[in-house]
Each structure stands twice: as C-alpha cells, then as structure tokens.
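Computation of the quantities below employed the complete heavy-atom set of this structure, encompassing side-chain atoms and omitting hydrogens, waters and symmetry-equivalent molecules. On a predicted model such as this, the values are computed, not experimentally measured, just so you know. Within every chain, numbering begins at 1; the chains are lettered A, B, ... in the order of the sequence lines, protein sequences first and strands thereafter.
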Protein chains: 2
Amino acid sequence: MAKKIPEKVVSRLTFYHSIVSEFIEKNEQNITSSQLAHRLNIDDSQVRKDFNLLNKVGRCRVGYCPKDLKETIENTLGFSNKRNAFIVGAGHLGLALAKYDKFDNYGLNILALFDTDPLKIDMQINDKKIFHITKLLDLASELNVDIAILTVPRQPAQDVADFLIESGIKYIWNFTPCVLSAPKYIKVWNENLMASFLQFACKEID
Amino acid sequence: MAKKIPEKVVSRLTFYHSIVSEFIEKNEQNITSSQLAHRLNIDDSQVRKDFNLLNKVGRCRVGYCPKDLKETIENTLGFSNKRNAFIVGAGHLGLALAKYDKFDNYGLNILALFDTDPLKIDMQINDKKIFHITKLLDLASELNVDIAILTVPRQPAQDVADFLIESGIKYIWNFTPCVLSAPKYIKVWNENLMASFLQFACKEID
DNA sequence: ATTTAATTGTGACAATTATCACTATTAAGC
DNA sequence: GCTTAATAGTGATAATTGTCACAATTAAAT
C-alpha cells in the first residue's frame, strides 16, 4: 500500500463505501462531502481530508464522482487481496457471520465452519460446510487458511484458541468475551461489543 | 460521572475488567500493570495512566488489588445504570446478542426481541420473548424502552429504522450493514464489523 | 460577461492518545 | 539494616486525529 491509512480513516472509508454504493444504485452522478458528512454526523472537512489521502479530487460546486470514489476506496482497502478464513463455533453468532455477505465483498473469504456438535456437522450455511473441529488442522494446511474467526462460547474459548494455534492459525479474530492468551507471534484481534456499546452509552445516552 | 473517560480508555477498561475478573477467580491477590499490558499487547505505562484516571493507586513492587480494581471499573463504566433495550430482528445475530450474557452484567437489559416471522413469534430466548414487530410501539412505551438493537437484514433496515423512530426509539445500535438515515435527535451507533476487520487486516495481515 | 453561492482544498491549530524516560517507592534477599 | 530489583507514578514529548477558517474554484443565475 502506497500511503498508510490511519485507523480511523479506514473505518470511515467503509461507511463512505456504503453510502457511495447507495448513490450509485440511485444513479446519482455526484456526491458532496457535506452529504457524506451529514449522513455520518461528522465534519465535512474531514471527509475531504480523507479523500485527499486517497488522492481523490472533487470538483468545486459539484462534488465527487461516486463510481470513481467507490473504486478507489475498494482499492485502498484492498478488497481485491482475497484472504481465506474459517469460522470456529457454529452457534448463532458463527452462523450470522457465515451469512454476512459483506465479508465476501470486502475480500474475506469464509471457506468453512467448525463445531463439535454432531447435529451441526455436515450442515451447509451459504455454501459453507460445517466440519467437526478435528478436521481443522488438515483443512487449514490443505486450503492454506491462517485466519480464524472465533465464535465459541466463553468457557472453551481459551482451549479452542490454543488448539487453533497448534493447528497453524496465525490470526484470530476473537468474538468471545475473553481476552485470549497467545504467544506474541499470533495476532489476536478482540472484537469488543461491550466496549462498543459503552462508548456509545458514555457519549450519547444520559 | 466525575471525570470524562476518553473513548479509548473505555475500551481498554472493559478488557482490564475481563482480565481482572479472571485473576479474582484464580484468587490472585495482586495484578501488575505489566501483566495487564502484556495480555493486551500494549505499553505498561498506558495501563498505569488509565488507572490514574480512575484515581486508583497501586503499590510499588506489588501491583493493584484485583477486587478493588474491578469494582472501580464497574462504577466508572456505569454498570449500575441499568438501561432497557429491545432487539429488533430475531435472526442469528439477534439471537446471538440475546444470549450474550455480558450485556446484563454491563447494565444493558434486553427485555424482548421483535421479528415478523410467524414461526419465531412467542419463542423464548434466555427468558426473552419474541414479539411481532407490531407490538413494539405499545411495549416500548409500556416498558419505557428507548434503545433498539437493530439486527434485521440489509434490505428492510432503513424501513424498520424509520418505524422504530416513529415508535419512540431514541437510540439505535445498528448492526446492519447500512448507514441509516435518521433525524439529528436520534442517536445511531453503527457497529461496523467490516471496518473492524479491515483495521485488523491493514495493521496485522501482510 | 458578471455576479453569486456552493463547494473543494488546505494550513493552522486544538484535542486526544500513546510512548518514553526517568524518579520514587518498597518488598525481598542478604 | 543495607542492597537490590521490581514496580508504580509522572512529566515531557511524539504521534495521531479532528476542527476551524478561509482562499480558490466554478456552475448557475442574471
């Protein structure tokens, strides 16, 4: 990637992407920084600064070209770098994520799910099969997968994580409410719904 | 709240809370800033700065008292300010969130779920009943609920959001992949899984 | 053609957040 | 008791992020 895109900008880019896609569907020819800013409740100059980072130029009194913007955002965020991943834990959350169509669009390819519940094994979700977790090691090396999305319950979380690491998984996107212990060379990303809510609550709810 | 806690600190506090709870379960009498820092892959001085914000003092060569810390974090994050909420959309994601036990602990009380699918109506999830969405308006005013967790599919998302707003909902925690349009006085919090992943991907995955 | 008003682009600044380096404290070992 | 080493506390500084104000541009109106 040419320029490093700051974390917050990455987050906003995905929002811009959604909104811009809407505009394209509605066949709009232009979109202005203040339209975007208004939808996201942010400052319009920030939108323009963000686009500057992408070397996008708009036209005064007109705005930006949605198609062009969309493409640039996709390239910047690397939607084209396909990455393969497994979902580990086929409970409601795992299934929800397996059905989440945005992952594909954004370059994250869910290849299969894993669970231990015999009733779930061999089920299909969105063309993705659920395997018994004992199959994970072989499939990971066969399919060259090193990203796991961990959606098991709290209790087995650490044990399953340890197993994933033994199986060659290098990146864990952790949806469990545990802070996993892992060696330094394993990258863990904690999805933290409570933190997210509390930030919302602190900021907005009196 | 006495002092304003910065957003990032709120996020870390929830992680500290998890880890500290573990320590308490293991009956540890002390926890050091570097133990916490190590688990979260951050700088230990940051942990200490965070605790300073809470007016917590540790003991040199010993660390902090887990029980004391836990209590302080809970008070700071306002776990005791109970807030009532509805989940709107009883798909996998809605059900996953309904079962997510941490919400209760952190002061977010899910009172009921809503859907339109006749097969789901009247089912119970974790003592929470699923109602037809037409019941929402009455129940919201009856139970004094103004927070909705929106977990419907992409397509109906905006329409459902409009309906929620008409029904008196003031805060929407939006799990759909849409950027909702809403009047300024409605607070929308977009949960953005893709942004979260992309931040992870940009930072950690080469 | 001229004027007007909307919009971008951007420098200056402000606020927030993280890191570093160092001091002070004190439990533990001798 | 004295020394050592681990740990907290903290000021200085750096990096990141957001806001504001305003000049430059230009489409649209006249």
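- Within the 4.0 angstrom heavy-atom criterion, only backbone atoms of the sugar-phosphate kind lie near A/Thr32; the bases stay farther away.
- The span of DNA chain D lying next to chain B, judged by atoms under 4.0 Å from heavy atoms, is bounded 5' to 3' by D/dA5 to D/dA12.
- Test B/Trp173, B/Phe175, B/Trp189 against A/Phe197 for ring-ring contact (aromatic ring centres under 6.0 Å, His included) and you get one pass: B/Trp173.
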Protein N or O to nucleotides 27-30 of chain C N or O, pairs below 3.5 Å:
unit_1, atom_1, unit_2, atom_2, d
C/dA27, N3, B/Arg61, NE, 3.1

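- In terms of position on DNA chain D, the residue among A/Arg48 and A/Val9 whose nearest nucleotide sits closer to the 5' end is A/Val9.
- Atom OH of B/Tyr64 is separated from atom P of C/dT26 by 14 Å (rounded to the nearest Å).
- Residue B/Gln46 contributes atom CD, which lies 12 Å from atom C1' of C/dC20 at whole-angstrom precision.
- Judged by closest nucleotide on DNA chain C, A/Ser45 is the one of A/Ser45 and B/Arg12 placed further toward the 5' end.
- Taking atom CG of B/Asp43 as the reference point, atom P of C/dA21 lies 10 Å away to the nearest angstrom.
- As judged by a 4.0 angstrom heavy-atom cut-off over every strand, B/Ser33 is placed among residues touching the sugar-phosphate backbone only.
- Between B/Asp162 and B/Gln158, the side chains place a donor N or O and an acceptor N or O closer than 3.5 Å (distance only, hydrogens not considered).
- Note: A/Ile130 CD1 to A/Ile125 CD1 = 5.0 Å, rounded to the nearest 0.5 Å.
- From A/Ile42, atom CD1 reaches atom OG of A/Ser33 across 9.5 Å, with rounding to the nearest 0.5 Å.
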Test log, rule side-chain contact (heavy atoms from CB on, under 4.5 Å), inputs B/Met194 and A/Phe103
CA-CA 7 Å; B/Met194 270 331 297; A/Phe103 286 153; 3.1 Å; yes

Intermediate values then yes/no, side-chain contact (heavy atoms from CB on, under 4.5 Å), A/Leu139 and A/Val145:
CA-CA 8 Å; A/Leu139 283 168; A/Val145 173; over 6 Å; no

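- A donor-acceptor contact shorter than 3.5 Å links the side chain of B/Asn174 to the backbone of B/Cys178.
- Between A/Ile165 and A/Tyr185, some side-chain heavy-atom pair lies under the 4.5 Å cut-off.
- One can place CG of A/Leu54 at 15 Å from P of C/dT8, the figure rounded to the nearest angstrom.
- Taking the centre of each ring, B/Phe51 and B/Tyr16 come in below the 6.0 Å mark.
- A/Phe51 comes within contact range of no nucleotide atom at all, as no heavy-atom separation falls under 4.0 Å.
- Comparing A/Lys8 and A/Lys49 against DNA chain C, the residue whose closest nucleotide sits nearer the 5' end is A/Lys49.
- Straight-line distance from the CG atom of B/Leu53 to the P atom of C/dT17: 10 Å, rounded to whole Å.
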